[in-house]
Number of protein chains: 2
Amino acid sequence: MVKSSTGALDRTFGALADPTRRGIVATLATGPRTVGALADPLPMSLVAVSKHIGVLERAGVVTRTRVGRTQVCRLRPDALRAAAGWLDAYREFWTVQLDSLEHHLREQV
Amino acid sequence: MVKSSTGALDRTFGALADPTRRGIVATLATGPRTVGALADPLPMSLVAVSKHIGVLERAGVVTRTRVGRTQVCRLRPDALRAAAGWLDAYREFWTVQLDSLEHHLREQV
DNA sequence: GCTACTCTTAACCATGTGGTTAAGAGTAGC
DNA sequence: GCTACTCTTAACCACATGGTTAAGAGTAGC
């Protein structure tokens, strides 16, 4: 089925739903890397890593720029910030709301 | 291919990668709802909503408990907190790191 | 220009998502 | 017990993900 409203948050959360891609994000947070440098420690082919980077790129989490014959990846903060912003709206829930859940459970006894 | 290490974060971020499910989370943040109440305003079948809830449930974001002949859904904060915690590690990046990126770009001129 | 290096594209396969309809399982209430 | 209500399971379809290998595109450097 065709996905009608594939928004930015969809792609961002989707991109983070994989340990390999979260690892790439963690690495890039320490500085830019080439595709090869990112792929080197990973237990999969370069092609697979390139495709993971493609998912991160489409999600706006990463940019690729050609430098000589290498492709340098950098982290873009915007998408990650948006995802964190969405979750922030529920920060209140898992602090305040926990108390009222506890309260509710006590009432059930 | 079989997914070997499908961790909790994988499922949590994956669950949030859909606007319908994020909407369900937003609704449940205001209080528990039955499956029917969640499905009512949504432009899709009850079955589709039930499957979305299944994804949220497997991700640990939501619990379902039978009450009479209805099924009541509640938000569980743990999974969301873990996802927000992961993103928090990069909060520094999109504030501090932005300055050094700017600095880097100026150096390139 | 030839070769080597780096990476992407193409083709393929298995699985999960995202939806449908149809049928089944539990519970409420007369 | 029968019926109505609420929800899940089963079967199906189309598409994206997550991996593979093989082949192609750009660039560097002799």
Side-chain angles (χ1 to χ4, degrees), chain A residues 1-25 27-28 32-74, chain B residues 1-25 27-28 32-74:
Chain A
M1 174 148 302
V2 178
K3 202 65 178 313
S4 52
S5 106
T6 303
L9 275 177
D10 297 34
R11 287 188 293 265
T12 303
F13 281 126
L16 296 179
D18 180 278
T20 300
R21 288 194 292 261
R22 287 196 304 278
I24 290 175
V25 168
T27 302
L28 289 181
R33 301 291 156 91
T34 66
V35 173
L38 287 170
D40 200 47
L42 294 175
M44 67 185 68
S45 68
L46 184 71
V47 177
V49 174
S50 179
K51 288 192 358 180
H52 277 302
I53 295 172
V55 173
L56 288 166
E57 204 173 20
R58 254 172 285 140
V61 177
V62 156
T63 54
R64 255 188 287 210
T65 51
R66 176 132 235 154
V67 174
R69 56 184 156 183
T70 71
Q71 203 84 17
V72 174
C73 304
R74 290 165 205 279
Chain B
M1 177 147 304
V2 178
K3 202 66 178 311
S4 53
S5 105
T6 304
L9 275 179
D10 297 34
R11 287 188 294 266
T12 303
F13 280 125
L16 296 180
D18 180 276
T20 300
R21 289 195 291 262
R22 286 197 305 276
I24 291 174
V25 167
T27 302
L28 289 180
R33 303 290 156 92
T34 66
V35 173
L38 286 171
D40 201 46
L42 294 176
M44 66 185 71
S45 70
L46 184 70
V47 177
V49 175
S50 179
K51 289 194 357 182
H52 277 301
I53 295 172
V55 172
L56 288 165
E57 204 172 21
R58 254 171 285 139
V61 176
V62 156
T63 54
R64 256 188 286 210
T65 50
R66 177 133 233 154
V67 174
R69 55 183 156 183
T70 70
Q71 204 84 16
V72 174
C73 303
R74 289 166 206 278

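Reckoned from all heavy atoms, side chains included, excluding hydrogens, waters and symmetry mates. Proteins get letters first, then strands, A, B, ... in listed order; numbering begins at 1 in each.
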### Query
With nearest nucleotides of DNA chain D determined for A/V67 and A/P43 from heavy-atom distances, which residue corresponds to the more 5′ nucleotide?
A/P43
### Message
In whole Å, I'd like the distance from the CD1 atom of B/I24 to the P atom of C/dG18.
### Response
11 Å
### DNA chain C contacts among residues 45-61 of chain A, heavy-atom distance under 4.0 Å
A/L46, A/V47, A/S50
### Task
For B/R21 and for A/Q71, locate the closest nucleotide of DNA chain C by heavy-atom distance; then report the residue assigned to the nucleotide nearer the 5' terminus.
A/Q71
### Query
Rounding to a whole Å, what distance do you find between A/R11:CZ and D/dA16:C1'?
13 Å
### Message
Could you measure the distance from the NE2 atom of B/H52 to the CD1 atom of B/I24? Nearest 0.5 Å is fine.
### Response
6.5 Å
### Message
Using whole Å, what does the distance between atom P of nucleotide D/dA16 and atom CG of A/D10 come to?
### Response
13 Å
### Task
Say whether, by atom type as modelled, one donor and one acceptor occur between the side chain of A/R21 and the main chain of A/A15 under 3.5 angstrom.
yes
### Task
State the pairing partner of C/dT9; accept Watson-Crick or G-U wobble contacts with both distances under 3.5 Å, and report none otherwise.
D/dA22
### Summary
Whole-Å distance, B/L42 CG to C/dG18 P, equals 14 Å
### Query
Between A/F13 (CZ) and D/dT17 (C1'), how many Å, whole number?
19 Å
### Query
Between atom CD1 of A/I53 and atom CG of A/L28, what is the distance when rounded to the nearest 0.5 Å?
7.5 Å
### Message
Could you check whether any side-chain N or O of A/S50 sits under 3.5 Å from a backbone N or O of A/L46, counting only pairs where one atom can act as donor and the other as acceptor?
### Response
no
### Message
Test your reading of the model: is there a side-chain donor-acceptor pair from B/R66 to the backbone of B/G68, 3.5 Å cut-off?
### Response
yes
### Task
To the nearest Å, give me how far apart CG (A/D18) and P (C/dG16) are.
14 Å
### Message
Just the rounded figure in Å: distance from C1' of C/dG18 to CZ of B/R22.
### Response
15 Å
## Note on the structure
Here the gap from B/L38 atom CG to B/C73 atom SG, rounded to the nearest 0.5 Å, amounts to 5.5 Å
### Task
Give a yes/no on whether any side-chain N or O of B/R66 is located under 4.0 angstrom from OP1 or OP2 of D/dT6.
no
### Query
What's the CZ-P distance between B/R69 and D/dT6, to the nearest Å?
6 Å
### Query
For C/dG29, which nucleotide is its Watson-Crick or G-U wobble mate, given both distances must be under 3.5 Å?
D/dC2
## Note on the structure
Partner of C/dA14 under the Watson-Crick or G-U wobble criteria, both distances under 3.5 Å, comes out as D/dT17
### Message
What I'd like to find out is whether the side chain of B/R11 reaches to under 4.5 Å of the side chain of B/V61, using heavy atoms alone.
### Response
no
